[in-house]
Amino acid sequence: MTENALTRRDNDTGESNGEDGGRGVERMTERGAGVAGGTVLVTSGTGKTGRRVVERLTALGVPVRSGSRTGEVPFDWQDASGWAAALRGVRAAYVAYYPDLAVPGAAEAMAAFGRTAEACGVRRVVLLSGRGEPQAVVAEEALRGAAGTAEVTVVRSAFFAQNFNEGALLDGVLRGEVVFPAGTTAEPFLDLDDLADVVVAALTGDGHAGAVYELTGPRSLTFAEAAEELGRAAGRPVRYVPVTGPAYASLLEEFGLSGPEAGFLAELFVTLLDGHNTATTDDVKRVLGREAKDFSVFAREAAGDGAWHG
């Protein structure tokens with residue numbers, strides 16, 4: 001899934017929950033080829049996916065430029081005037097678009113970024129996208145078409161497991177009640193450690209040009225089943241409360257989102273969680289040579305890190 005304003009957002013605030021985002025770097029092979037000798041720009045570099053990618057690249061000795069709205073390298077998806085400065089001298093870029101590749105205007109932003117990247121001599125781009133999002137595919141193609149000779153790799157993600165311990169669903173877990181418009185649909189939740197490892201492999205290694213990876217966890221769970229596993233790991237009961245899309249939009253408005261944004265997000269979640277994304281893939285194993293992390297392992301690790309001690 002891409003990074004939107006609620007559960008998939010790369011917050012760009014510079015905040016971190018102190019997790020070991022570099023977990024798994026020691027399992028990665030050395031990257032002598034590709035762009036390992038050049039600087040990599042990580043857009044939304046302080047968010048959930050961006051900071052993990054930054055930490056891994058740094059651990060591998062790859063020069064990193066972490067872009068964010070308030071950081072040392074200014075990068076704002078709403079202000080294209082700063083993109084060229086952030087991309088100047090960069091050999092590769094990780095693109096995590098905010099608020100979501102499916103929103104109106106995302107394709108135009110991707111085309112503009114692609115043209116800027118080409119003008120700056122960027123050789124490789126890895127784009128975070130949403131699995132099963134037709135409008136996100138339009139944005140993917142806009143970037144690919146504008147990036148010239150740059151190698152473009154697309155990473156389409158399932159629902160982040162970390163939405164339950166870093167995203168907006170954290171409060172629900174702490175309260176013992178996860179409210180979401182997913183019905184009884186099963187979802188193959190993806191651990192962000194796996195996503196970050198795949199992104200780094202595509203940024204620094206060869207053989208990924210033009211690839212589209214659909215990343216999932218190894219099994220699919222309903223939100224009710226996920227809530228049960230979270231409860232076991234946290235040591236307290238957690239239940240799932242299904243709601244309709246309109247009801248969820250109203251709930252989001254109560255939490256401060258504007259009516260249009262709340263409506264868009266609720267409709268997006270209902271669309272994505274209609275069953276067409278339930279199947280798992282082996283793309284994590286194809287890229288990394290190991291199985292994707294199971295949701296139960298994620299839950300135990302998050303509990304061990306104190307995610308739900310509140």
Side-chain angles (χ1 to χ4, degrees), residues 1-9 11 17-19 48-49 100 130-132 157-195 215-257 261-280 292-310:
M1 284 186 158
T2 51
E3 301 287 355
N4 65 38
L6 186 67
T7 58
R8 300 176 298 174
R9 177 179 179 181
N11 290 308
N17 66 359
E19 294 182 19
K48 287 197 293 292
T49 70
D100 193 281
R131 186 170 183 243
S157 176
F159 202 94
F160 296 167
Q162 276 75 7
N163 289 337
F164 293 104
N165 70 322
E166 297 180 28
L169 298 182
L170 168 60
D171 288 343
V173 178
L174 292 173
R175 293 194 304 269
E177 193 171 89
V178 175
V179 180
F180 210 69
T184 58
T185 299
E187 172 70 14
F189 299 98
L190 176 70
D191 191 281
L192 289 184
D193 286 343
D194 289 337
L195 185 148
L215 304 185
T216 74
R219 64 187 173 110
S220 296
L221 299 84
T222 66
F223 271 66
E225 292 169 336
E228 290 180 6
E229 295 212 15
L230 294 169
R232 283 195 292 272
R236 66 165 71 92
V238 179
R239 72 185 186 104
Y240 168 58
V241 180
V243 293
T244 65
Y248 193 66
S250 297
L251 181 64
L252 293 180
E253 288 188 65
E254 292 178 9
F255 279 91
L257 272 67
E261 185 176 13
F264 166 78
L265 289 174
E267 183 178 357
L268 177 64
F269 291 135
V270 170
T271 300
L272 293 176
L273 294 164
D274 65 359
H276 75 280
N277 283 330
T278 294
T280 62
K293 187 185 296 184
D294 190 78
F295 188 82
S296 61
V297 177
F298 151 75
R300 289 196 300 270
E301 290 180 349
D305 289 339
W308 303 303
H309 286 175

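Positions are given from 1, in the same order as the sequence printed here.
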**Q** Hey, does Phe180 have a side-chain heavy atom less than 4.5 Å from the side chain of Tyr248?
**A**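 Yes, their side chains come closer than 4.5 Å.
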
**Q** Suppose we screen for side-chain contact (heavy atoms from CB on, under 4.5 Å). Which residues come up paired with Thr271, at least two apart in sequence or across chains?
**A** Glu267

**Q** Going by the rule side chain to side chain donor-acceptor pair (under 3.5 Å), which residues pair with Ser250 if we only count those two or more places apart in sequence or in a different chain?
**A**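 Residues passing side chain to side chain donor-acceptor pair (under 3.5 Å) with Ser250: none at all.
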
**Q** Please name all residues satisfying side chain to side chain donor-acceptor pair (under 3.5 Å) with Arg239, sequence neighbours left out, ordered by chain then number.
**A**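 If we apply the side chain to side chain donor-acceptor pair (under 3.5 Å) test to Arg239, skipping adjacent residues, the hits are Glu177.
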
**Q** Any side-chain heavy atom of Leu251 sitting closer than 4.5 Å to one from Val243?
**A**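 No - every pair of side-chain heavy atoms lies 4.5 Å or more apart.
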
**Q** Check whether Glu253 reaches the backbone of Ala262 with its side chain - one donor and one acceptor, N or O, closer than 3.5 Å.
**A** no

**Q** Taking ring pair (Phe, Tyr, Trp, His ring centres under 6.0 Å) as the test, write out the residues that go with Phe298, two or more places apart.
**A**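 Residues passing ring pair (Phe, Tyr, Trp, His ring centres under 6.0 Å) with Phe298: Phe295.
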
**Q** Is there a donor in the side chain of Asp191 and an acceptor in the side chain of Gln162, or the other way round, less than 3.5 Å apart?
**A** yes

**Q** Is there a side-chain contact between Pro218 and Thr280 (heavy atoms, below 4.5 Å)?
**A**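 Pro218 does not reach Thr280 side chain to side chain.
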
**Q** Under a 4.5 Å cut-off applied to non-hydrogen side-chain atoms, are Val178 and Val238 in contact?
**A**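 Yes, side chains in contact.
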
**Q** Apply side-chain contact (heavy atoms from CB on, under 4.5 Å) to Arg219 and list each qualifying residue two or more places apart in sequence or on a separate chain.
**A**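 side-chain contact (heavy atoms from CB on, under 4.5 Å) list for Arg219, sorted by chain: Leu221, Glu229, Asp294, Ser296.
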
**Q** When you compare the side chain of Lys293 with that of Glu301, does any pair of heavy atoms fall below 4.5 Å?
**A**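 Yes, at least one pair of side-chain atoms sits under 4.5 Å.
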
**Q** With sequence neighbours left out, what residues match Leu170 under side-chain contact (heavy atoms from CB on, under 4.5 Å)?
**A** Leu174, Trp308

**Q** Could you tell me if the side chain of Thr185 sits less than 4.5 Å from the side chain of Asp274, heavy atoms only?
**A** no

**Q** Run the side chain to side chain donor-acceptor pair (under 3.5 Å) test against Asp171 and tell me which residues pass, sequence neighbours left out.
**A**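 Side chain to side chain donor-acceptor pair (under 3.5 Å) list for Asp171, sorted by chain: empty.
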
**Q** Heavy atoms, side chains only, cut-off 4.5 Å: are Val173 and Asn165 in contact?
**A** no

**Q** Using the test salt bridge (charged side-chain N to carboxylate O under 4.0 Å, His left out), find all partners of Glu228 that sit at least two apart in sequence or belong to another chain.
**A** none

**Q** Is any side-chain heavy atom of Leu195 closer than 4.5 Å to a side-chain heavy atom of Leu190?
**A**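 Side chain of Leu195 against side chain of Leu190, heavy atoms only: contact under 4.5 Å found.
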
**Q** Who passes side-chain contact (heavy atoms from CB on, under 4.5 Å) against Pro242, sequence neighbours left out?
**A** Tyr240

